Amino acid sequence: MLSFLVRHSLPLMFVMALLGFLLPDVSLALFPFLPYVLLSLMTLTMLGIKQSSLLKEMRQARVWGYALFHSFGLMSVSYALATVLYADVNLTVAMVAVAATGSLFGTPAIVRALGFDMMAAMAMTIASTLLLPVAIYVLLMLLKADAISLDMQSYFQRLMVFILGPMLLSFVLHAVVPRVLLGNLLQKISPYTILLVFAFPFGLIGPFRFLWDQNPMQAYYYLMIGMLLLATFFTLTYVLYSRRGDEALVAAITSGNRNVLLTYSIAGALLGPAFLPLAGAIQAPTYFLPMLTKWLVKRRKQKCSDE
């Protein structure tokens, strides 16, 4: 059963978003537990990575160039889209906040499921997360200058718990546990880490369902906005990195995955009433992107074999 779930993990993540929409009460009940799922996912992912190699990857200028584009470049694009759509202030803040958000911690597991370089995705994820508080501060300063009060203590606590903690644990275990024993253990566990990602589309879509119950037309509008944002993020990033082979798809899928849970934990109500419904609206499109990427990979391989 587990092997079946792993083998079909990409479409099943999309199915979990649909199930969360159909079961909003269960979705909201799961929501408070998502940070614990996030920690487990990050820890298991980090254990499978040699920390010296990760730190070496983090020192690459291209990683931070990507992170700047992921945050500030796409924030500018999102603001332009909001202006074109005549979005109100609350929706504009929500749209730009989604763009400011770092990549989902489950991204490396998704990238691994697609057969790409997990190390590059992890470095991009961490870099974009480290820029998150700066990006959110800039957003609030420009759009809600009267309400800047970021919970930086909470952010740094979460930074320690979700990133530095797993990195330190991985470093210690790789130094203490015999390499063969640890390698065998990780080989058995690592394929199943992607199953933890199932909790996010299911647990985050609840607010969108309640918006749909109260105002279906507004919910459809938010869904359209979410699809437009993610399609723009994915396409622009892919075009920007198109000359770098597989890295183009890694960067594109990383830009489409947004850790809206962490962003909400930092800025909370300052992001306005539109943020959580929009965060829910992007769940199904977010988990459609890996399936699209897998199709693009097959198409590219087929094209290469035909040539």
Side-chain angles (χ1 to χ4, degrees), residues 10 13-14 17 62 65-104 106-107 110-111 114 121 124-125 127-129 131-132 135-136 138-139 142-143 200-201 204-205 208 218-244 247-260 262-264 271-272 274-297 299:
L10 297 181
M13 285 187 286
F14 180 73
R62 60 182 176 79
Y66 166 82
L68 289 170
F69 173 75
H70 177 107
S71 299
F72 300 105
L74 294 177
M75 283 171 66
S76 301
V77 171
S78 298
Y79 182 76
L81 288 175
T83 302
V84 170
L85 294 171
Y86 298 101
D88 60 28
V89 173
N90 288 327
L91 183 54
T92 299
V93 170
M95 290 173 64
V96 180
V98 167
T101 298
S103 188
L104 185 70
T107 298
I110 294 173
V111 168
L114 289 167
M124 292 175 178
T125 297
S128 63
T129 300
L131 289 182
L132 175 58
I136 290 295
V138 170
L139 158 66
L142 295 177
L143 299 181
F200 298 106
L204 286 170
I205 203 171
F208 173 71
Q218 186 178 15
Y220 292 136
Y221 180 60
Y222 274 45
L223 180 60
M224 182 198 75
I225 294 294
M227 293 171 64
L228 177 63
L229 285 176
L230 295 189
T232 301
F233 296 167
F234 185 92
T235 303
L236 286 180
T237 307
Y238 181 78
V239 171
L240 183 65
Y241 284 79
S242 59
R243 295 184 179 180
R244 298 189 182 183
E247 188 176 342
L249 288 171
V250 173
I253 198 66
T254 303
S255 71
N257 291 341
R258 297 283 162 162
N259 193 358
V260 289
L262 183 59
T263 300
Y264 185 75
L271 298 176
F275 182 76
L276 276 182
L278 183 61
I282 70 171
Q283 293 308 303
T286 293
Y287 294 98
F288 176 77
L289 287 179
M291 293 191 294
L292 173 63
T293 306
K294 188 174 183 179
W295 177 79
L296 290 173
V297 171
R299 185 179 178 184

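As the structure is a prediction and not an experimental result, all values here were calculated from the model. The residues of the chain are indexed from 1 along the displayed sequence.
- Rounded to the nearest 0.5 Å, atoms CZ (Arg244) and CZ (Arg62) are 7.0 Å apart.
- Just one residue in the list Leu85, Val98, Ile282, Leu81 forms a side-chain contact (heavy atoms from CB on, under 4.5 Å) with Ile225, and that residue is Leu85.
- Contact check for Leu230 versus Phe234: no side-chain heavy atoms found under the 4.5 Å cut-off.
- With contacts defined as side-chain heavy-atom distances shorter than 4.5 Å, the pair Asp88/Leu91 qualifies.
- Here the CD-CG distance, from Gln218 to Leu223, works out to 12.5 Å after rounding to the nearest 0.5 Å.
- Smallest separation of non-hydrogen atoms from Ser128 and Ala67: N-CB, 3.9 Å.
- For Pro285 against Ala281, the heavy-atom pair with the smallest separation is CD-O, 3.3 Å.
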Checklist line | Intermediate values then yes/no, side-chain contact (heavy atoms from CB on, under 4.5 Å), Val250 and Tyr241 | finding: CA-CA 9 Å; Val250 173; Tyr241 284 79; over 6 Å; no
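- Remark: the backbone N or O of Thr237 is not paired with any side-chain donor or acceptor of Tyr66 at under 3.5 angstrom.
- Counting only heavy atoms from C-beta outward, the side chains of Leu143 and Tyr79 approach each other to under 4.5 Å.
- Side-chain contact check for Leu240 versus Leu236: every heavy-atom pair is 4.5 Å or farther apart.
- Residues Thr263 and Ala97 come closest through the heavy atom pair CG2-O, 4.4 Å.
- The CG atom of Leu276 sits 11.0 Å away from the OH atom of Tyr222 when rounded to the nearest 0.5 Å.
- Pairing each heavy atom of Thr254 with each of Ala121, the nearest pair is OG1-CB, 4.2 Å.
- Remark: the backbone N or O of Phe233 is not paired with any side-chain donor or acceptor of His70 at under 3.5 angstrom.
- A distance-only check finds no donor-acceptor pair linking the side chain of Thr235 to the backbone of Thr232 [under 3.5 Å].
- Taking 4.5 Å as the limit, every side-chain heavy atom of Pro201 sits out of range of all side-chain heavy atoms of Thr286.
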Item checked: Criterion side-chain contact (heavy atoms from CB on, under 4.5 Å) on Phe208 and Gln283, from CA distance to verdict -> CA-CA 9 Å; Phe208 173 71; Gln283 293 308 303; over 6 Å; no
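- Interatomic distance, CG of Leu204 versus OH of Tyr287, reported as 7.0 Å (0.5 Å rounding).
- Thr101 places no side-chain N or O within donor-acceptor distance of the main-chain N or O of Arg258, the cut-off being under 3.5 Å.
- Two residues are said to be in side-chain contact when any heavy atoms from C-beta on lie closer than 4.5 Å; Pro290 and Ile253 meet this criterion.
- The two residues Leu278 and Gly226 have their closest heavy-atom pair at CD1-N, 4.1 Å.
- Rounding to the nearest 0.5 angstrom, the gap separating the CD1 atom in Ile110 from the CG atom in Asn257 is 4.5 Å.
- Taken from CG in Leu228 to OG in Ser78, the straight-line distance is 9.0 Å, to the nearest 0.5 Å.
- The closest donor-acceptor contact from the side chain of Thr92 to the backbone of Ala82 lies at 3.5 Å or more, if one exists at all.
- Shortest non-hydrogen contact noted between Ser103 and Thr129 is O-OG1, 4.1 Å.
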Next item on the list: Might you work through the side-chain contact (heavy atoms from CB on, under 4.5 Å) test for Leu104 and Thr125, ending with a clear yes or no?
Entry: CA-CA 7 Å; Leu104 185 70; Thr125 297; over 6 Å; no
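- Looking at heavy atoms from C-beta onward, Phe275 lies out of side-chain contact with Asn90 at the 4.5 angstrom threshold.
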